[in-house]
Undergrad: 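Here's a structure for you.
Below, chains carry the letters A, B, ... as their sequence lines are ordered, and counting in each starts from 1. Treat the numbers as computed from the prediction; the structure is a model and nothing was measured.
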Amino acid sequence: MTSETFGVPEKPVLEGLEATWSARWAEQGTYAFDRSRSREEIFSIDTPPPTVSGSLHVGHVFSYTHTDLIARYQRMRGKEVFYPMGWDDNGLPTERRVQNFFGVRCDPTLPYEAGYTPPAEPDAKRQVPISRRNFIELCNQLVEEDEKVFEQLWRTLGLSVDWSQQYTTIGDESQVVSQRAFLRNVARGEAYQQDAPTLWDVTYQTAVAQAELEAREYPGAYHRVAFHGPGADGEAAQVFIETTRPELIGACVALIAHPDDERYQPLFGTTVTSPLFGVEIPVVAHTAAEPDKGSGIVMCCTFGDLTDVIWWRELQLANRTIIGRDGRILPDVPKWITEPSGVELYATLAGKTTFTARELMVAALKESGDLDGDPKPTQRMANFYERGDKPLEIVSTRQWYIANGGRSADLRAELIARGDEIEWVPTYMQSRLTNWIGGLNGDWLVSRQRFFGIPFPVWYRLDAAGEPVYDDPILADEASLPVDPASQAPPGFDDSQRGEPGGFMADPDVLDTWATSSLSPQIVCGWERDPELFAKTFPMDLRPQGHDIIRTWLFSTIVRSHLEHGSVPWTHTALSGFVVDPDRKKMSKSKGNVVVPDEILTSYGADAVRWRAAGARPGADSPFDEAQMKVGRRLAMKVLNASKFVLAPEEQYGLGADAAHLDASLVTEPIDLAMLTRLRGVVDEATVAFDAYDYAAALEVTEKFFWDFCDDYLELVKERARRDDAGGASAKSAFVLALSVQLRLLAPFLPYVTEEVWSWWQEGSIHRAAWPVNATDLTTPEQDPGVLAAAARVLADIRGAKSVAKVSQKTEIGTLTVTATADALKLLALAFDDVRAAGRVTATPTLTPDESTDGFAVEAVPLPTS
RNA sequence: GGGCGAAUAGCUCAGCUGGUCAGAGCAUCCGGUUUACACCCGGAAGGUCGGGGGUUCGAGCCCCUCUUCGCCCA
């Protein structure tokens with residue numbers, strides 16, 4: 001084999017490696033999944049589908065790199081890696097992006113318009129209403145373009161994904177899986193519909209699940225308001241409550257105080273009347289009332305907050321809804337308000353926003369004298385939908401739920417136990433799941449009043465009056481999935497009966513996006529579609545994800561798998577931290593501190609960016625620091641240059657070593673053997689670290705060795721390596737043996753530069769090569785690594801002497817005295833010729849044994865330069 | 001208020017079950033045009049390991065407590 005076949009470039013560069021090799025990998029199917037392998041040989045990864053309507057930032061780049069490190073390691077260990085990529089295009093983020101991008105909005109009442117073209121100059125403020133089908137077409141069009149951009153970025157980054165295995169959360173396969181899983185939940189009684197108080201976002205006009213809540217500070221004011229009771233002797237007595245929401249007085253159903261609160265004990269069981277409306281209100285006791293808050297007695301409404309819901313449920317209070325889904329006061333005067341003045345007041349509130357209604361109420365309370373003092377401003381915690389900017393209202397609506405343990409202690413215990421079956425990286429993250437499950441207080445609300453999502457495979461019969469019969473839904477047949485009930489008629493009906501009395505109507509809602517992504521293992525593994533694949537990949541081996549979505553994605557995936565399969569969805573989960581800006585603040589678009597991945601990939605190269613990502617340990621947040629990328633780039637560059645030096649022919653000033661030198665029997669020099677002995681330790685450590693998903697530690701130990709290899713060993717031995725004798729052969733063989741092992745150890749981190757170098761002298765892709773194993777890759781005899789350490793130590797002191805003398809490192813050493821213990825000197829002697837050559841020691845050195853010395857004492861005197 | 005995590009050189013972090021554990025890289029400073037590499041090489045300086053207690057022959061490492069920061073949940 002001559003060097004012409006492969007060839008080492010004169011001046012290797014990093015530029016262009018991404019384009020060259022990502023194309024080659026695609027062409028040669030380097031990362032293609034071979035499904036003929038057995039379950040034991042397969043490692044399956046439940047990749048997080050990124051939200052395509054968002055933009056990728058450097059945090060994504062880091063966490064996807066972390067997964068890829070594991071994928072590449074497992075592949076080199078001989079596993080067939082099942083590594084698909086998904087795109088999360090389902091749901092509200094896409095709707096919002098389509099609205100802004102095209103300047104349209106969905107109006108489900110409009111008819112479909114074939115060949116519709118959106119406005120040429122989109123105006124986000126004047127969105128053109130279009131039909132649901134047109135809207136969805138635009139969603140599909142946009143996500144397709146977004147997904148191409150994402151794929152290109154992932155390919156450049158070098159993710160070893162099998163690109164033939166892609167899915168989207170809105171795609172047909174996801175629809176089939178989501179609908180089928182839902183139908184089975186219904187059949188087993190795990191999914192049900194209920195008319196119940198629901199957290200409602202008035203902006204997006206949709207129900208919101210507990211997991212999507214976010215508590216935020218919200219400015220408000222305490223209003224001290226009088227309710228009226230009969231005094232002891234028939235005189236009117238006043239009971240003061242403090243509320244931040246006086247507009248809800250008309251929805252008041254009870255006043256509640258703590259049972260031990262002596263101030264209010266006489267009132268329990270009696271009634272008072274509400275101010276302005278004169279409605280009779282019971283006074284009751286409940287332990288959730290806080291005596292030291294405000295006046296200690298609180299007004300319970302339909303519904304001001306989640307505590308009101310608890311009271312409503314536990315105390316069986318009346319339902320007095322006055323706020324509609326649009327967040328405005330309902331138009332009709334409620335039947336419980338009968339006082340003429342109350343009716344009149346209500347009429348002025350009807351149709352107003354809660355904000356306006358509050359102002360009107362405050363004015364009326366002031367006038368009637370029921371407001372005590374001025375409102376006291378406060379910051380209260382209010383629940384928000386995580387994407388919304390108005391506090392959530394609680395309205396009564398009919399929604400679909402899936403059991404998640406929120407209403408069953410047994411199920412909670414089972415789900416917590418599933419968490420125990422999973423290996424967590426890092427382990428402490430498990431407590432976040434356990435705590436979350438423990439704190440659940442309601443089932444999982446899965447219906448959303450949105451458009452771009454997977455529809456419920458459900459219709460409702462219409463009775464003779466045209467009213468839907470919700471108790472007896474018509475469910476789609478599994479064989480007919482995916483189904484769109486809005487355009488398809490249920491079994492036994494035809495479309496002319498849609499909306500007619502005696503006919504049917506479609507369930508108008510779509511499934512929560514988490515209801516689909518919670519099935520990602522079922523989607524990618526081919527549940528019910530490809531039983532052979534499913535058996536070989538499920539339960540999956542690894543779920544990588546961010547720690548911020550443990551309560552949503554991780555938890556809901558466990559729920560679905562537990563309910564459907566009675567198993568965990570995967571055996572391991574690895575949680576990535578965030579990339580934070582240098583001030584340790586989370587990166588977000590609104591703060592303007594987002595680092596765009598393309599820029600750093602272009603400036604430093606994929607290998608350098610991956611190197612930096614690998615330095616962030618699992619679960620730990622990592623501040624972004626561009627200076628760090630330079631270090632990764634330097635490592636990649638060093639790999640190129642050191643490899644070139646070893647492999648290039650002599651006419652290129654290389655050592656001319658090649659694959660033919662991969663012969664352990666040629667390595668005879670003690671220092672060469674010592675270096676390889678140390679490398680064996682590195683292989684062991686890196687392997688142990690990777691097995692524990694600690695890629696950062698694997699990189700650290702490998703990198704440390706590599707720099708020492710370059711700076712000390714290579715420098716010590718390179719003169720001898722040029723010789724044409726046994727000593728030269730020993731060095732060349734040691735070089736290529738060490739290079740082969742190190743390239744493979746670095747391959748998961750630096751896939752481009754290691755592949756490039758591998759191609760100079762080896763057949764096939766390094767990424768399909770075997771992870772180094774000492775028993776086969778490093779079979780040289782054991783040698784005390786102290787030989788190398790001693791030589792490196794003395795060489796460092798010689799360099800130091802030249803540095804202090806401010807002379808060139810080329811300067812010859814005239815006097816050299818080394819003092820150390822006899823044993824240490826013995827080790828040094830085994831490599832002393834190399835030390836003398838590397839240090840340019842021309843004079844005869846003096847070696848002085850001294851058992852009292854610790855380490856080496858070196859005195860080196862450079863010769864004066866002429 | 002509860003849970004989890006973190007606090008080690010100017011910066012980013014290693015320091016595994018207590019005994020060469022006071023380290024690395026970056027930045028800084030000094031020096032070197034060295035036929036692998038100026039996208040380089042060598043060298044130096046830098047910290048009473050957040051504060052206070054305790055356990056121990058011995059503590060960044062274990063226990064208690066306080067302070068600060070981050071995330072999650074109330």
Undergrad: Over all strands shown, is A/Gln809 touching base, sugar-phosphate only, or nothing at heavy-atom distances under 4.0 angstrom?
TA: base
Undergrad: Going by purine N1 to pyrimidine N3 plus the second Watson-Crick contact, or the G-U wobble pair, all under 3.5 Å, which nucleotide sits opposite B/rC4?
TA: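 Partner of B/rC4: B/rG70.
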Undergrad: Go through the N and O atoms of the side chain of A/Gln628 and the base of B/rA27, and report whether any donor-acceptor pair is under 3.5 Å.
TA: no
Undergrad: Any side-chain N or O of A/Arg722 less than 4.0 Å from the OP1 or OP2 oxygen of B/rA36?
TA: yes
Undergrad: Within less than 4.0 Å of OP1 or OP2 of B/rA36, is there a side-chain N or O belonging to A/Lys638?
TA: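 Looking at the OP1 and OP2 atoms of B/rA36, neither is under 4.0 Å from any side-chain N or O of A/Lys638.
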Undergrad: Is B/rG46 syn or is it anti, if syn means the base angle is within 90 degrees of 0?
TA: syn
Undergrad: With both distances under 3.5 angstrom, what nucleotide forms a Watson-Crick or G-U wobble pair with B/rG25?
TA: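 Looking at the geometry, B/rG25 pairs with B/rC11.
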Undergrad: Under 6.0 Å between ring centres, would you say that holds for A/Phe735 and A/His661?
TA: no
Undergrad: Check whether any side-chain nitrogen or oxygen of A/Arg617 sits under 4.0 Å from OP1 or OP2 of B/rC13, and answer yes or no.
TA: no
Undergrad: Taking the C1' atom of each, how far is B/rU56 from B/rC11, in whole Å?
TA: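 It works out to 36 Å between them.
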Undergrad: Do any side-chain nitrogens or oxygens of A/Arg634 fall under 4.0 Å of OP1 or OP2 in B/rC26?
TA: yes
Undergrad: Which way is the base of B/rG52 turned, syn or anti, if we draw the line at 90° from 0?
TA: anti
Undergrad: Quick test of your reading of the model: are A/Asp708 and A/Lys704 salt-bridged, counting only N-O distances below 4.0 Å?
TA: yes
Undergrad: Backbone N or O of A/Gly304 within a donor-acceptor pair of the A/Asp308 side chain at under 3.5 Å?
TA: yes
Undergrad: Please determine whether a side-chain nitrogen or oxygen atom of A/Lys11 lies at a distance below 4.0 Å from atom OP1 or OP2 of B/rU35.
TA: no
Undergrad: Between B/rG50 and B/rC29, how far is it from one C1' atom to the other, in whole Å?
TA: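 Approximately 29 Å lies between the C1' atom of B/rG50 and that of B/rC29.
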Undergrad: Which atom names give the shortest non-hydrogen contact between A/Ser803 and A/Gln809, and what distance separates them?
TA: N-NE2, 4.2 Å
Undergrad: Assess whether one donor atom and one acceptor atom, taken from the side chain of A/Ser803 and the base of B/rG42, lie less than 3.5 Å apart.
TA: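 By the distance-only test, yes, there is a pair.
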